[in-house]
Amino acid sequence: LAGLVGGVVLPLLGAVPDGAIMLFSGLGDINKAQETLSVGVGALAGSTIMLLTVPWGLSVLAGQVDLVPGTDGEKVANYLGKEKLSPGRSAKDVGVVITDEVKHGSYVMMLTTIPYFLIQIPASFLEGQGKDDKGIAQGEKYWALLALLVCLTCFVWYLSIHIKASRDDEQKFRRMEVMKDLLKNGQVSLAGAFQDIIKAYDEPSMPLQSSGQGYQAIGADLTSPTDDVPSPKVLEYLHGVLKPSFKKYDKDNSEGLEKNEVRVFLRDFNEKISEEELDLLFSKYDKDDNGNISFHEFVLACYSIIVSASKGKSITGVKRTDLKAAEQGFATAAVMTVTEEEEEEEEEVPEDIANLSPDKQEAAVKKKAFTMLAIGTFLVVLFSDPMVDVMKEVAVRVKVNPFYVSFILAPLASNASEVLASTYYASKKTSKTITVSFSALQGAAAMNNTFCLSIFMGLIFFRGLAWEFTSETIAIFLIQFVIYYMTLGDTMSSFEGLVILAIFPLSIVFVASLKAAGLD
């Protein structure tokens with residue numbers, strides 16, 4: 001289900017607001033549809049360009065760290081230093097990392113621009129022959145069909161990449177951030193947050209590594225996970241999600257939690273265990289009998305609680321675990337996870353799911369999420385048609401081309417969440433969260449290039465409309481190429497982020513200049 005939701009449902013629903021505006025811009029009276037189509041094209045261009053400029057530039061500024069010389073003399077982002085961002089440094093000496101995932105995302109994004117050429121090249125040729133709108137529409141018809149088929153092919157290909165990435169666990173850091181947010185906002189209990197992860201990676205049939213890490217490092221049975229020992233993947237998730245909370249509850253910075261601190265942690269994360277069970281946990285995991293447990297011991301204790309809660313059992317009959325042998329497994333997990341500190345207080349789990357089992361909590365959260373998605377999608381479709389009329393009327397009253405109105409207003413209405421989400425993740429100042437931020441923006445652009453553009457190609461083919469948007473097409477392609485080029489390096493400075501931020505208003509001037517020069 002995670003692969004289906006993350007790979008298909010969310011990217012598709014993210015493109016629905018823009019797609020609905022574009023669809024309704026080409027419906028209605030055929031004599032007016034050609035004029036209102038410019039509103040949809042404005043939404044397409046404005047959304048694509050805005051996503052790759054405003055939130056991208058803000059993400060660079062929010063996630064900036066010092067750029068310091070690496071071993072090869074090239075600048076690298078300082079994510080491992082105690083002070084990530086030093087005061088007084090110039091905009092060219094601070095910035096963010098460009099990971100291989102971001103570079104791959106730029107490459108995929110550029111490939112999805114191919115359908116623009118399939119419709120724009122014949123459109124420019126037909127216009128050069130001096131044909132009117134009907135003649136251009138007739139000549140473009142089967143080119144539009146070809147572009148439509150290519151758009152849909154690229155769309156399916158892009159979704160398959162997402163599904164494969166989800167199944168291969170390439171999006172684990174994004175999942176970790178979601179899990180942290182669910183726990184921080186009190187939407188699920190500790191056991192509920194890890195329910196899917198344990199189901200996916202603690203199955204007995206799961207192939208296990210034999211490299212001296214994970215199970216072998218812990219000294220456990222290699223044939224299947226146990227209630228005492230998580231699989232390597234689960235260990236990685238536990239480490240990444242629990243590290244910020246461990247730091248928060250370690251009030252005296254002793255790198256260990258006392259019994260009272262563990263009690264408060266479990267209470268805040270809605271795991272109810274008795275004093276006897278808490279004593280049993282400490283008897284098992286407090287290896288030194290010094291009254292506190294280290295982070296490594298804390299993770300195994302939490303795993304034991306999660307598994308017991310998932311099975312509906314109490315924590316009884318526990319025995320000591322060889323924690324010394326576990327150090328290698330934890331060291332491996334520590335390198336691969338995000339360990340930034342969270343300062344916000346956790347909220348209580350909603351009363352309607354607080355006392356449910358992890359399985360039922362998971363089902364309740366999914367039901368609520370899909371219900372909200374359905375309501376949101378319905379509202380978007382409901383208001384898209386009148387929104388097209390409003391933007392057209394605004395254009396008439398201020399006496400400008402409807403394209404410019406929708407170029408500015410449509411992205412504000414449909415893409416505000418992407419701006420906030422990307423900036424939020426980038427502000428955590430880790431290489432993983434900046435990758436999440438940039439990848440989401442590249443994905444949104446790719447969806448516009450495939451799903452949203454396919455709507456236009458369908459309107460041109462089935463309704464006999466003409467593609468007369470050369471200036472807009474040039475702008476859309478050029479901005480995506482600029483982002484592709486700027487992500488070829490290993491870092492991006494804050495100065496480059498400011499340049500990207502300035503592209504959005506400059507792109508309006510660019511399109512206006514092309515139109516003034518005689519392009520449609």
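This is a predicted model, so every value here is computed, not measured.
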Query - Close side-chain approach of Ile434 to Tyr425, heavy-atom, < 4.5 Å - result: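 Not in contact.
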Query raised in the report: For atom CD of Gln138, is the number of surrounding heavy atoms from other residues, nucleotides or ligands below 6.0 Å larger than 12?
Result: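 No, CD of Gln138 has 12 or fewer neighbouring heavy atoms, counting only those of other groups under 6.0 Å.
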Report task. Check whether more than 12 heavy atoms from other residues, nucleotides or ligands sit under 6.0 Å from atom CZ of Phe477, and answer yes or no. Result ->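 Correct, the count exceeds 12.
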**Report entry** For the student: nearest non-hydrogen atoms of Asp66 and Ser86, plus distance
**Finding:**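 Minimum heavy-atom separation between Asp66 and Ser86: OD2-OG, 2.6 Å.
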Query raised in the report: Is any side-chain heavy atom of Lys92 closer than 4.5 Å to a side-chain heavy atom of Glu496?
Result: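 They are not in contact (no side-chain heavy atoms under 4.5 Å apart), so the answer is no.
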Query raised in the report: Taking atom types as modelled, is there a side-chain donor on Ser59 or Ser437 under 3.5 Å from an acceptor on the other?
Result: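 Distance-only check passes for Ser59 and Ser437.
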Query raised in the report: Between Phe407 and Phe504, does the ring centroid distance fall short of 6.0 Å?
Result: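 Aromatic pair counts; centres sit under 6.0 Å.
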**Report entry** Side-chain heavy atoms of Asn449 within contact of Cys154, under 4.5 Å
**Finding:**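 Asn449 vs Cys154: side chains apart.
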Query raised in the report: What about the rings of Phe456 and Phe469, do their centers lie closer together than 6.0 Å?
Result: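 So the answer is no for these two rings.
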**Report entry** side chain to side chain contact (heavy atoms under 4.5 Å, CB included) against Ser406, all qualifying residues, sequence neighbours excluded
**Finding:**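 Counting only residues at least two positions away or on another chain, Ser406 forms a side chain to side chain contact (heavy atoms under 4.5 Å, CB included) with Val39, Met391.
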Query raised in the report: Any idea which heavy atoms bring Thr491 and Val76 closest together, and the distance?
Result: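 Heavy atoms of Thr491 and Val76 come nearest at CG2-CA, 4.1 Å.
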Query raised in the report: Which distance, rounded to the nearest 0.5 Å, do you find between the OG of Ser90 and the CG of Leu67?
Result: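 Nearest 0.5 Å value for the OG-CG distance: 9.0 Å.
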Query raised in the report: Are a donor atom and an acceptor atom from the side chains of Thr473 and Gln120 found within less than 3.5 Å of each other?
Result: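 A pair is found: one side chain offers a donor N or O, the other an acceptor, under 3.5 Å apart.
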Report task. Check the pair Thr450, Thr112 against side chain to side chain donor-acceptor pair (under 3.5 Å), reporting the backbone distance first and the verdict last. Result -> CA-CA 6 Å; Thr450 55; Thr112 60; over 6 Å; no
Query raised in the report: Looking only at heavy atoms, which two atoms of Lys103 and Gly489 are closest? And how far apart?
Result: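 Scanning both residues completely, I find the closest heavy atoms to be CE-O, 3.1 Å.
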Query raised in the report: With no hydrogens and no angle check, do the side chains of Thr113 and Gln480 hold a donor and an acceptor under 3.5 Å apart?
Result: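 No - no donor-acceptor pair under 3.5 Å links their side chains.
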Requested in this report: Please round to the nearest 0.5 Å and tell me the distance separating atom CD1 of Ile483 and atom OG1 of Thr48.
Outcome: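 It comes to 12.0 Å.
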Query raised in the report: What distance do Phe510 atom CZ and Ile49 atom CD1 have between them, rounded to the nearest 0.5 Å?
Result: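 Going from CZ on Phe510 over to CD1 on Ile49, the span is 9.0 Å.
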Query - For Ile460 against Glu140, the heavy-atom pair lying closest together - result: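 Result for this residue pair: CG2-OE1, 4.2 Å.
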Report task. Run through Val436, Val97, Ile98 and flag the one making a side chain to side chain contact (heavy atoms under 4.5 Å, CB included) with Ser431. Result ->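 Exactly one pass, corresponding to Val97.
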Report task. Check whether more than 12 heavy atoms from other residues, nucleotides or ligands sit under 6.0 Å from atom OH of Tyr484, and answer yes or no. Result ->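 Atom OH in Tyr484 is not packed in, count stays at 12 or less.
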Requested in this report: Would you please classify the geometry between the Tyr107 ring and the His104 ring as parallel, tilted or perpendicular, with 30° and 60° separating the classes?
Outcome: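 Plane angle between 30° and 60°, so tilted.
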Requested in this report: Identify the heavy atoms of Ser494 and Val60 that sit nearest to each other, and give their distance.
Outcome: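 In terms of heavy atoms, the two residues are closest at CA-CG1, 3.9 Å.
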**Report entry** Proximity of Phe155 and Phe451 rings by center, below 6.0 Å
**Finding:**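 Under 6.0 Å, so yes.
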Query raised in the report: Does Asp490 CG have over 12 foreign heavy atoms under 6.0 Å away?
Result: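 It does not: Asp490 CG has 12 such atoms or fewer within range.
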Report task. Determine whether Leu453 and Asn448 make a side-chain contact, defined as any pair of heavy atoms from C-beta on separated by less than 4.5 Å. Result ->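 Leu453 does not reach Asn448 side chain to side chain.
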Requested in this report: Compare all side-chain heavy atoms of Leu145 with those of Met457 and state whether any distance is below 4.5 angstrom.
Outcome: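 Not touching, per the 4.5 Å side-chain cut-off.
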Requested in this report: Identify whether the distance between the nearest side-chain nitrogen and carboxylate oxygen of Asp93 and Lys75 falls below 4.0 Å.
Outcome: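 Yes.
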Report task. Can you see which heavy atom on Ser454 is nearest to which on Leu148, and at what distance? Result ->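 For Ser454 versus Leu148, the nearest heavy atoms are O-CD1, 3.3 Å.
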Query raised in the report: Judged by atom type as modelled, is there a donor-acceptor pair below 3.5 Å linking the side chain of Lys84 to the main-chain atoms of Gly63?
Result: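 No; zero donor-acceptor contacts below 3.5 Å.
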Query raised in the report: Tell me, do Leu61 and Leu498 make a side-chain contact under 4.5 Å, heavy atoms counted?
Result: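 Answer yes - side chains close enough.
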Query raised in the report: Going from CD1 on Ile508 to CD1 on Ile503, what distance comes out if it is rounded to the nearest 0.5 angstrom?
Result: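 Result: 13.0 Å between the selected atoms.
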Query raised in the report: Which word best sums up how the rings of Phe438 and Trp56 line up, parallel for under 30°, tilted for 30 to 60°, or perpendicular for over 60°?
Result: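 The rings of Phe438 and Trp56 lie parallel, inter-plane angle below 30°.
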Query raised in the report: Is Lys515 salt-bridged to Glu472, going by a charged N under 4.0 Å from an acidic O?
Result: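 Salt bridge present between Lys515 and Glu472.
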